[in-house]
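Written out below as structure tokens is the structure these notes cover.
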Amino acid sequence: MCGITGWVSYDRNLVSERATVDAMTETMSCRGPDDAGIWTEGPAALGHRRLAIIDLPGGRQPMTVETPEGTVAMVYSGETYNYTELRRELTGRGHRFTTDSDTEVVLHAYLEWGPALAERLNGMYAFAIWDSRTKQLVMVRDRMGIKPFYYAETADGVLFGSEPKAILANPLARREVTLDGLRELFAFVKTPGHAVWEGMREVEPGTVVTVDTNGIRTHVYWQLETRAHTDSQDATIAHVRELMDDIVRRQLVSDVPRCTLLSGGLDSSAMTALAANQLREGTGETVRSFAVDFVGQAENFVADELRGTPDTPFVHDVARASATDHQDIVLSSDDLADPEVRSRVIRARDIPAGLGDMDASLYLLFKAIRQHSTVALSGESADEVFGGYKHFFDEEARKGQTFPWLVQFAHTIGEDGNVLNDSVNRALDLPGYTRDSYATATSGIQRLEGESDFEYRMRVICYLHLTRFVRILLDRKDRASMAVGLEVRVPFCDHRLVEYVYNTPWSLKSFDGREKSLLREATADVLPRSVYDRVKSPYPSTQDPKYHTALQENVKDLLAKPSHQVFDLVSKDWLERAVKVETPQITQASRRGLERVLDLALWMDMYAPTLTLS
């Protein structure tokens with residue numbers, strides 16, 4: 001796991017641009033605290049910051065191979081879980097290896113198969129290869145978009161990086177955000193390829209982007225496809241378990257300490273139990289597990305429509321049943337409301353994502369875990385794969401012609417749109433943007449021959465979660481973890497599992513009338529009964545009134561700066577009313593609005609974006 005960046009400029013020799021490449025690479029230091037490297041040759045420059053996970057002495061980058069026709073150089077971020085099989089195949093084809101790293105295997109796979117190597121990889125990755133034989137840059141991103149990857153076209157080439165901050169460190173990059181960028185910030189629809197910053201794009205998941213003197217071309221090597229599912233219920237459950245056992249086994253491979261993220265929900269509990277069993281049987285090792293909790297959560301917890309139970313009792317049931325070496329990371333409201341923590345989260349994300357205390361707690365959880373482990377396995381994405389959210393079962397969300405999570409948000413949180421000035425609201429036209437985005441997102445979904453209207457509608461909902469919603473959460477998790485040098489792996493994003501379950505009819509996904517029926521039954525033998533019976537509860541959010549009060553105090557400080565750029569977007573009247581509301585009367589929408597404003601203000605202070613509002 002690492003941070004990568006680079007620059008291709010066909011009209012200049014980048015050997016003389018070392019200082020700029022150094023600056024771009026340095027922005028990735030949090031992603032790679034263990035080592036740094038830069039390689040330049042003619043029109044190409046590659047930068048790398050390394051977090052050492054596999055083959056600690058042998059995996060230095062940029063990594064190069066000298067061929068009779070020229071050098072092939074690579075910077076790589078991520079993990080390839082089938083690299084041992086690929087290594088054997090490549091060895092049989094005459095390749096010779098000098099390290100035990102997966103990076104070298106991927107580089108040799110490119111020498112053997114060219115850009116088509118992407119189709120052979122199982123893992124999470126974002127990498128760039130400069131091929132001096134053809135003067136071509138090849139950029140590849142994993143199928144589900146687990147690892148971030150951005151690029152910006154220039155007059156004579158391209159800039160790229162794991163995160164926008166690497167690109168923005170180059171003087172050629174524009175720090176401009178237009179109305180479309182702001183729409184993407186506020187709409188919560190995650191348009192594929194959209195990077196918020198003007199002139200910048202994401203390498204889309206499952207895509208190869210090629211750059212040469214003729215320009216930029218893209219090739220999609222993987223996407224969700226509709227296929228008939230012929231397995232019985234029992235066979236489907238058995239195959240899900242078979243896949244999960246193999247995926248967890250592969251993703252436990254590491255030369256550094258590893259752990260699991262445990263929430264007490266079905267996803268993380270099943271994954272933790274499988275990991276615990278495999279390590280115990282394989283090496284006698286005890287798996288470490290970590291969970292987040294809040295000071296006073298037991299006393300302050302009140303069940304609501306989203307969260308019916310607190311996590312901690314279920315976490316401890318799993319820790320006891322699987323005999324993990326467990327630790328709760330307990331956070332206070334002062335921790336969550338600390339402006340410095342908020343600032344670090346914004347710096348990690350490069351945008352004001354607006355998830356408030358849930359972003360802060362995730363960052364602080366990862367920071368605490370990093371003192372003990374370098375690799376963590378997460379249950380992220382199981383809800384999207386297996387159908388775990390309440391809105392999968394909500395008739396309004398099922399029938400609505402919009403993103404189903406937006407229907408659920410409107411019910412449970414409410415709208416915070418009033419936080420914006422009226423003129424900005426009118427210019428953004430978020431309802432229109434959302435309608436257009438929904439139409440685009442659903443236009444290419446294949447319908448199975450003979451599929452009922454209801455089954456097809458559920459296919460659409462599953463597709464939207466796997467191609468839109470999950471990418472928001474994956475990006476959030478990657479940025480928060482890599483900001484402290486922690487690699488988080490997501491077993492439920494293995495493309496084999498995603499493909500198989502996506503094409504399983506909804507009647508099988510929910511055969512017992514509950515969410516995630518297939519996963520529950522596939523792992524029932526390793527789950528405590530309490531977790532088996534537990535209803536889905538989202539990632540926790542503090543209910544401590546002190547946090548609400550701290551938000552209001554921070555906003556009061558902002559209101560004392562009436563010339564701040566944030567008031568180009570935000571309604572000062574709304575803020576002034578919101579800071580006067582007594583804590584018991586603060587709604588979820590108001591709280592999220594206050595968090596959104598504080599995020600926006602910090603982002604503007606750090607990045608000084610030029611806002612184009614027309």
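Computed from a prediction, not measured in an experiment: that's the story for all the values here.
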Examine Arg459 relative to Tyr502 and say whether NZ or CZ is less than 6.0 Å from the centre of the six-membered ring and inside a 45° cone about the ring axis.
yes
Evaluate the side-chain proximity of [Y] to [X]: yes if any heavy-atom separation is below 4.5 Å, no if none is.
{"X": "Lys367", "Y": "Arg344", "value": "yes"}
{"X": "Val72", "Y": "Thr64", "value": "no"}
{"X": "Asp267", "Y": "Lys516", "value": "yes"}

Do [X] and [Y] get their side chains close enough for a donor-acceptor pair, meaning under 3.5 Å?
{"X": "Ser378", "Y": "Lys477", "result": "yes"}
{"X": "Tyr151", "Y": "Glu202", "result": "no"}
{"X": "Ser530", "Y": "Asp317", "result": "yes"}
{"X": "Tyr76", "Y": "Asp102", "result": "yes"}
{"X": "Asp357", "Y": "Ser541", "result": "yes"}
{"X": "Asp231", "Y": "His229", "result": "no"}
{"X": "Ser322", "Y": "Thr324", "result": "no"}
{"X": "Asp131", "Y": "Tyr110", "result": "yes"}
{"X": "His495", "Y": "Asp142", "result": "no"}

For [Y], is there any backbone N or O sitting under 3.5 Å from a side-chain donor or acceptor partner on [X]?
{"X": "Glu79", "Y": "Met124", "result": "no"}
{"X": "Asp475", "Y": "Ile146", "result": "no"}
{"X": "Arg520", "Y": "Glu515", "result": "yes"}
{"X": "Arg141", "Y": "Gly145", "result": "yes"}
{"X": "Arg143", "Y": "Leu121", "result": "yes"}

State the CZ-CD distance between Arg241 and Glu521, to the nearest 0.5 angstrom.
11.5 Å
Whether His391 and His465 hold their rings parallel, tilted or perpendicular, with breakpoints at 30° and 60°:
parallel
Check the orientation of Phe160 and Phe149. Use parallel for under 30°, tilted for 30 to 60°, and perpendicular for over 60°.
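Perpendicular, since the angle between the ring planes exceeds 60°.
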Write down the atom of [X], the atom of [Y], and the distance for their closest heavy-atom approach.
{"X": "Ser263", "Y": "Arg534", "value": "O-NH1, 3.7 Å"}
{"X": "Arg31", "Y": "Leu51", "value": "O-CB, 3.5 Å"}
{"X": "Ser162", "Y": "Tyr150", "value": "O-CD1, 3.5 Å"}

Can you check side-chain hydrogen bond (donor to acceptor under 3.5 Å, both in side chains) on Ser361 and Tyr539, steps first, answer last?
CA-CA 10 Å; Ser361 65; Tyr539 183 83; 2.8 Å; yes
Under the ring pair (Phe, Tyr, Trp, His ring centres under 6.0 Å) rule, collect the residues that match up with His372, sequence neighbours excluded.
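Only Phe290 meet the ring pair (Phe, Tyr, Trp, His ring centres under 6.0 Å) criterion with His372.
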For Trp506 and Phe393, I'd like to know if the aromatic rings sit close, meaning centre-to-centre distance below 6.0 Å.
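Between Trp506 and Phe393, the centre distance is under 6.0 Å.
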